[in-house]
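Taking it in order: structure first as structure tokens, then the write-up.
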There are 2 protein chains.
Amino acid sequence: MEDVTPRLAVLPTWLLGRADDRAHRILVDALSEHGFRGYHYRVLATLGDGGPASQSVLGRGAGLDRSDVATTVDDLQSRGLVARTPDPGDRRRNVVALTPSGRRLLARLDAVLAQAQDAVLAPLTPAERTRFVALLARLQP
Amino acid sequence: MEDVTPRLAVLPTWLLGRADDRAHRILVDALSEHGFRGYHYRVLATLGDGGPASQSVLGRGAGLDRSDVATTVDDLQSRGLVARTPDPGDRRRNVVALTPSGRRLLARLDAVLAQAQDAVLAPLTPAERTRFVALLARLQP
DNA sequence: ACATACCGTTGGTCGCACCAACGACACAAG
DNA sequence: CTTGTGTCGTTGGTGCGACCAACGGTATGT
């Protein structure tokens, strides 16, 4: 299966990167079938979890740089999925909130994401998946 | 540790991506301290494993697109680490080979990489590392 | 009142994966 | 020997994600 040279094939970082490539491709493909990218889902998911939020809070919740939040919210707003209004209590801030259609979309994308998770972990048994995810959690930054 | 919203924090693909981000950063930082990038090491490692090779073979061994092989070999050649000569037996091809200083550099980078692997897996016990790598191997494309 | 810190925006960089098209060349079928 | 067919290396591009710098506008603490 692997044409890759032994020096690379043996490196944990190589295996990790390849596994992530595969996962990423599955995820991106799944989202792009619906016309969205990872950043879109991350912002919508953050809003779905925490309700309306400033872009700064959104960035922390979605793991995005504020600059990327700005362009992503631009995009979502132009599709009518979120509303961006000035915060009356702090005029530096915008309040970003899901619109009804944004909320419906999020529910659909949640299903898409769940299916993608399953596809990624398909080679493992349920018990292995649990162990794998537990080990993965230990390797977080 | 994680400010990330629950909908994301629970996704295996998210954990995998974050773990890979961390690993990637450790690796890139380690290599860049010596003035190199991942592509450089991959090509040198392929040459170290298989000896002189055409760029096409090099691409397969290093997991690179031929276009990326071309620019990477350009770079390595300009630093005197590889030699690129026309293949007398097939004039479409180049033969790329390590120079003596390329071989010495590869030995140094091997050590750098080994240390980076250790840093990445530091949070796990030796037994856990073995299990983790085994599971990772099952998730390859 | 003024310094400090934060907010959102714009306009970049970098690493990596990948794709398209081209001329040069090899090779096998006719 | 000519004529496909296909490979090789090169150039020039795309997309995505992570990230950085600098700016004007706004709050806030001293």
Side-chain angles (χ1 to χ4, degrees), chain A residues 4 8 13-14 16-32 35-43 53-60 62-78 82 84-96 141, chain B residues 4 8 13-14 16-32 35-43 53-77 82 84-96 141:
Chain A
V4 166
L8 291 182
T13 51
W14 174 262
L16 184 55
R18 297 291 282 185
D20 187 49
D21 280 356
R22 173 174 162 272
H24 187 253
R25 173 178 293 276
I26 288 172
L27 201 143
V28 165
D29 285 354
L31 283 175
S32 76
F36 295 95
R37 304 182 294 142
Y39 281 12
H40 293 136
Y41 178 74
R42 290 204 227 167
V43 166
S54 72
Q55 295 183 195
S56 173
V57 167
L58 225 42
R60 278 188 286 277
L64 292 184
D65 189 87
R66 9 180 227 172
S67 62
D68 299 318
V69 173
T71 61
T72 303
V73 170
D74 278 352
D75 206 21
L76 292 172
Q77 184 180 29
S78 78
V82 303
R84 174 158 49 184
T85 57
D87 184 335
D90 184 341
R91 296 192 309 180
R92 292 172 302 180
R93 299 183 186 177
N94 295 329
V95 176
V96 182
Chain B
V4 167
L8 291 181
T13 51
W14 173 263
L16 184 54
R18 298 291 282 186
D20 187 49
D21 280 356
R22 173 173 161 273
H24 188 253
R25 172 178 294 275
I26 288 172
L27 202 143
V28 166
D29 285 355
L31 283 175
S32 75
F36 296 95
R37 304 181 293 142
Y39 281 12
H40 293 135
Y41 179 73
R42 290 204 226 166
V43 166
S54 72
Q55 295 184 198
S56 173
V57 168
L58 225 41
R60 279 189 285 278
L64 293 184
D65 190 86
R66 332 176 265 178
S67 62
D68 298 319
V69 173
T71 60
T72 304
V73 170
D74 277 353
D75 206 21
L76 293 172
Q77 185 180 30
V82 304
R84 175 159 48 185
T85 57
D87 184 336
D90 184 341
R91 294 192 309 179
R92 293 171 302 178
R93 301 184 186 179
N94 295 329
V95 177
V96 181

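Protein chains get the first letters and strands the later ones, always in sequence-line order, with residue 1 at the start of each.
- Residue B:L8 comes nearest to B:W14 through the heavy atom pair O-CB, 3.2 Å, listed as atom of the first residue, atom of the second, then distance.
- Taking atom NE2 on B:H40 and atom P on C:dC16, their separation rounds to 10 Å, with Å as the unit.
- Residues A:D65 and A:G38 both approach DNA chain D. Their nearest nucleotides, taken by heavy-atom distance, put A:G38 toward the 5′ side.
- With hydrogens and angles ignored, a donor-acceptor pair under 3.5 angstrom links the side chain of B:S67 to the base of C:dC19.
- Counting to the nearest Å, the P atom of D:dG17 and the CZ atom of A:F36 are 14 Å from each other.
- The side chain of B:R92 contributes no N or O atom lying less than 4.0 Å from OP1 or OP2 of D:dG6.
- D:dC16 atom P lies 9 Å from atom NE2 of A:H24, rounded to whole Å.
- Residue contacts for B:S54: at a heavy-atom cut-off of 4.0 Å it reaches the sugar-phosphate backbone alone, with no base atom in range.
- Both B:V28 and A:V57 lie close to DNA chain C; mapped to their nearest nucleotides by heavy-atom distance, the more 5′-ward contact belongs to A:V57.
- Not a single donor-acceptor pair, N or O on each side, falls under 3.5 Å between the base of C:dC7 and the side chain of A:N94.
- Summarising the geometry, the separation between OH on B:Y41 and P on C:dC16 is reported as 14 Å, rounded to the nearest angstrom.
- Between A:Y39 atom OH and D:dC16 atom P the separation is 11 Å, expressed in whole Å.
- At the phosphate of D:dT7, neither OP1 nor OP2 sits under 4.0 Å from any side-chain N or O atom of B:Q55.
- With a 4.5 Å cut-off on side-chain heavy atoms, A:V57 and A:R60 count as touching.
- Screening A:R84, A:R93, A:R66 for a side-chain contact (heavy atoms from CB on, under 4.5 Å) with A:Q55, the sole residue that qualifies is A:R84.
- Mapping A:L27 and A:G89 onto DNA chain D by nearest heavy atom places A:L27 at the nucleotide closer to the 5' end.
- Going from atom CZ of A:R18 over to atom P of C:dG15 covers 20 Å, rounded to whole Å.
- Taking 4.0 angstrom as the limit, A:R37 places a side-chain polar atom (N or O) nearer than this to OP1 or OP2 of D:dG17.
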query = So A:T72 and A:L76, side chain to side chain contact (heavy atoms under 4.5 Å, CB included) or not? Walk me through it.
reply = CA-CA 6 Å; A:T72 303; A:L76 292 172; 4.1 Å; yes
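- Using a 4.0 Å cut-off, some side-chain N or O of B:R84 falls inside it from OP1 or OP2 of D:dT10.
- Judged by distance alone, with hydrogens and angles left aside, B:D90 brings no side-chain donor or acceptor close enough to the base of D:dC8 to form a pair under 3.5 Å.
- When heavy atoms are screened at a 4.0 angstrom cut-off, B:D21 is found touching the sugar-phosphate backbone but no base atom.
- OP1 or OP2 of C:dA17 has at least one side-chain nitrogen or oxygen of B:R42 nearer than 4.0 Å.
- Whole-Å rounding puts the A:R25 CZ to D:dG15 P distance at 15 Å.
- Counting heavy atoms from C-beta on, the side chains of A:R18 and B:P141 come closer than 4.5 Å.
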CA sep, side-chain torsions, deciding dist, call: A:L58, A:V43, side chain to side chain contact (heavy atoms under 4.5 Å, CB included) = CA-CA 7 Å; A:L58 225 42; A:V43 166; 4.0 Å; yes
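- In this structure, A:R66 reaches the bases: a heavy-atom distance under 4.0 Å links it to at least one base atom across the strands shown.
- Between B:D20 atom CG and C:dG15 atom P there is a gap of 16 Å when expressed in whole angstrom units.
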